Amino acid sequence: QVQLVESGGGLVQAGDSLRLSCAASGRTFSRYAMGWFRQAPGKEREFVAAISRGGPTTYYADSVKGRFTISRDNAKSTMYLQMNNLKPEDTAVYYCAADSTYYGSTYYQEYDYWGQGTQVTVSS
């Protein structure tokens, strides 16, 4: 069992930055690939970014590529999402998730554990 807790969301203006954190507890954090997903009202949950167990492999949704950076610190059992140049369309609840495979996935159905989410609101 892995418990995940997101933090760092908030209300910002377009062009601002935020850094989300996902703190893990329970089983060994380094055994899981990690991902960020988001869900806006009335929309399906969508992939944002993922990072492999050791961190060397990362991948992003096209909509955030070049603006968001995913990273992890296995010693602190924490994953991060640095979000720069935020846009109103980035407004959503952001969730972190853990996947027992090595590389992770862009499909939310393949993740085993989820946090409760943190709200990000970007005003224009």
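Numbers here simply count residues along the sequence, with the first being 1. Since the structure is predicted, the reported quantities are computational estimates derived from the model, not experimental observations.
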Sub-4.5 Å side-chain heavy-atom contact between Gln119 and Thr91: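 Yes. Closest side-chain heavy atoms under 4.5 Å.
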Could you work out the complete set of other residues in the hydrophobic cluster of Val2, with links drawn between I, L, V, M, F, W and Y side chains under 4.5 Å apart?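 Leu4, Val12, Leu18, Leu20, Phe29, Tyr32, Met34, Trp36, Val48, Ile51, Tyr60, Val64, Phe68, Ile70, Met79, Leu81, Met83, Leu86, Tyr94, Tyr113, Val120, Val122, listed by chain and number.
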Rounded to the nearest 0.5 Å, what separates atom OH in Tyr107 from atom CZ in Phe47?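 Interatomic distance, Tyr107 OH to Phe47 CZ, rounded to 0.5 Å: 10.5 Å.
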CD/Glu46 to CD/Gln39 distance, rounded to the nearest 0.5 angstrom?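 Answer for the CD-CD pair, Glu46 versus Gln39, is 9.5 Å.
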For [X] against [Y], the heavy-atom pair lying closest together:
X     : Y     : answer
Ala40 : Ala92 : N-CB, 3.8 Å
Arg53 : Asn74 : O-ND2, 3.3 Å
Lys76 : Thr78 : O-OG1, 2.8 Å

Any pair counted as disulfide (SG to SG under 2.5 Å), so long as it reaches residues 37-94, sequence neighbours left out: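 Applying disulfide (SG to SG under 2.5 Å) to every pair that reaches into residues 37-94, excluding sequence neighbours, yields nothing.
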Disulfide (SG to SG under 2.5 Å): which pairs involve residues 17-99, sequence neighbours left out?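 Listed once each, the pairs are Cys22-Cys96.
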Is atom NZ of Lys65 surrounded by more than 12 heavy atoms (other residues, nucleotides or ligands) closer than 6.0 Å?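 Atom NZ in Lys65 is crowded, with more than 12 foreign heavy atoms closer than 6.0 Å.
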Does one side chain, of Ser105 or Asp99, offer a donor that lies under 3.5 Å from an acceptor on the other?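 No.
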Would a single hydrophobic cluster contain both Tyr111 and Tyr102, if residues Ile, Leu, Val, Met, Phe, Trp and Tyr are joined by side-chain heavy-atom contacts under 4.5 Å?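 Yes.
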State whether the side chain of Glu110 and the backbone N or O of Gly104 hold a donor-acceptor pair below 3.5 Å, judged by distance alone.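 Not at all, since once roles are kept as given, no pair shorter than 3.5 Å links the two residues.
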Are any side-chain N or O atoms of Tyr59 and backbone N or O atoms of Tyr103, one a donor and one an acceptor, separated by less than 3.5 Å?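 Looks like yes, one N/O pair under 3.5 Å.
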Pair Asp90 + Lys87, salt bridge at N-O below 4.0 Å: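 Result for this pair is no, no salt bridge flagged.
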